[in-house]
Amino acid sequence: LYDADGTFAGVAAVDYKLAQIESLVAAAYNYSADGSIAFIVEPDGDLIAASLPNVALAYDSSGALKQVPAATCGAPLIRAAYAHGGHSALDLLTVDGAQYWILRSVLADAFGLRWNFTALHPTECPAGYGLAGLACAQCAPEDHMTSDAGSPRCDTCAEGYYKYAK
């Protein structure tokens with residue numbers, strides 16, 4: 001840090017635990033709900049955090065907790081999205097026959113932080129979900145809304161029909 005005259009005044013730092021960052025990402029992208037995932041990668045390819053448990057950090061042979069490279073992590077979707085590369089903010093990726101929206105953003109500051117944030121959202125929603133923007137969102141059963149698997153939208157159903165949601 002420098003004062004108003006440009007004279008060196010000292011150094012400041014912030015220390016975040018990677019497990020805390022991972023908890024924030026996991027809370028924002030609950031994989032079990034609709035298949036969406038998110039991860040943050042450093043420029044060297046090491047994962048900082050992922051919404052999937054036990055992916056970004058692992059113990060090495062000495063027992064030390066280490067970051068895992070995105071290219072070799074245990075999550076096929078993360079490996080595929082990382083290998084896909086690209087710098088466009090929005091793209092499509094097909095993995096094992098399922099298509100996903102890839103949304104990318106760079107998290108950077110003036111002090112050298114540069115993390116790559118990636119989120120993947122299925123383009124086809126599971127039963128009971130419909131697209132809300134680019135992500136699947138649960139249909140409102142209280143409004144008699146539901147959907148079939150693979151449908152992009154929630155449908156209103158009349159009582160007594162096979163899709164009727166109670």
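Model, not experiment: these values are computed from the prediction.
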Open item on the list: A side-chain contact here means heavy atoms from C-beta on lying under 4.5 Å apart; do Leu57 and Gln67 qualify?
Closed with: yes

Open item on the list: Do Trp115 and Glu42 have side chains that approach each other closer than 4.5 Å (heavy atoms only, starting at C-beta)?
Closed with: yes

- [ ] For residues Val95 and Ala80, report the shortest heavy-atom separation together with the two atoms involved.
- [x] CG2-CB, 3.6 Å

Open item on the list: How long is the straight-line distance from CG of Leu77 back to NE2 of His84, given to the nearest 0.5 Å?
Closed with: 13.0 Å

Task: Side chain Asp109, main chain Gly112, donor-acceptor under 3.5 Å - done: yes

TODO: Under the disulfide (SG to SG under 2.5 Å) rule, collect the residues that match up with Cys73, sequence neighbours excluded.
DONE: none

TODO: Spell out, as yes or no, whether a donor-acceptor pair under 3.5 Å connects the side chain of Gln99 to the backbone of Thr94.
DONE: no

Task: Residue list, ring-ring contact (aromatic ring centres under 6.0 Å, His included) with Phe111, at least two apart or on another chain - done: none

Open item on the list: Are more than 12 heavy atoms, taken from residues, nucleotides or ligands other than Asp60, located less than 6.0 Å from that residue's CG atom?
Closed with: yes

TODO: Look up atom CH2 in Trp101 and atom CG in Leu92, then write down how far apart they are to the nearest 0.5 Å.
DONE: 4.5 Å

Open item on the list: Can you confirm whether Ile102 sits close enough to Thr118 that some side-chain heavy atom of one is under 4.5 Å from a side-chain heavy atom of the other?
Closed with: yes

Task: Transitive ILVMFWY side-chain link Val106 to Val41, under 4.5 Å - done: no

Open item on the list: Using 0.5 Å steps for rounding, measure from the OH atom of Tyr82 to the CG atom of Leu47.
Closed with: 9.0 Å

Open item on the list: Is there a continuous path of hydrophobic side-chain contacts, each under 4.5 Å between heavy atoms, that joins Val68 to Ile78?
Closed with: no

Open item on the list: Is the shortest side-chain heavy-atom distance between Phe39 and Leu120 below 4.5 Å?
Closed with: yes

Open item on the list: Are the side chains of Asp91 and Arg104 in contact, using a 4.5 Å heavy-atom criterion?
Closed with: yes

Open item on the list: For Gly6 versus Tyr2, what's the shortest heavy-atom pair and its separation?
Closed with: O-CD2, 3.4 Å

Open item on the list: Keeping Ser51 on the side-chain end and Ala38 on the backbone end, is there a donor-acceptor pair under 3.5 Å?
Closed with: yes

Task: Between Thr7 and Asp5, a side-chain donor and acceptor under 3.5 Å - done: no

Task: Which atom of Arg114 lies closest to which atom of Pro43, heavy atoms considered - done: O-CD, 3.0 Å

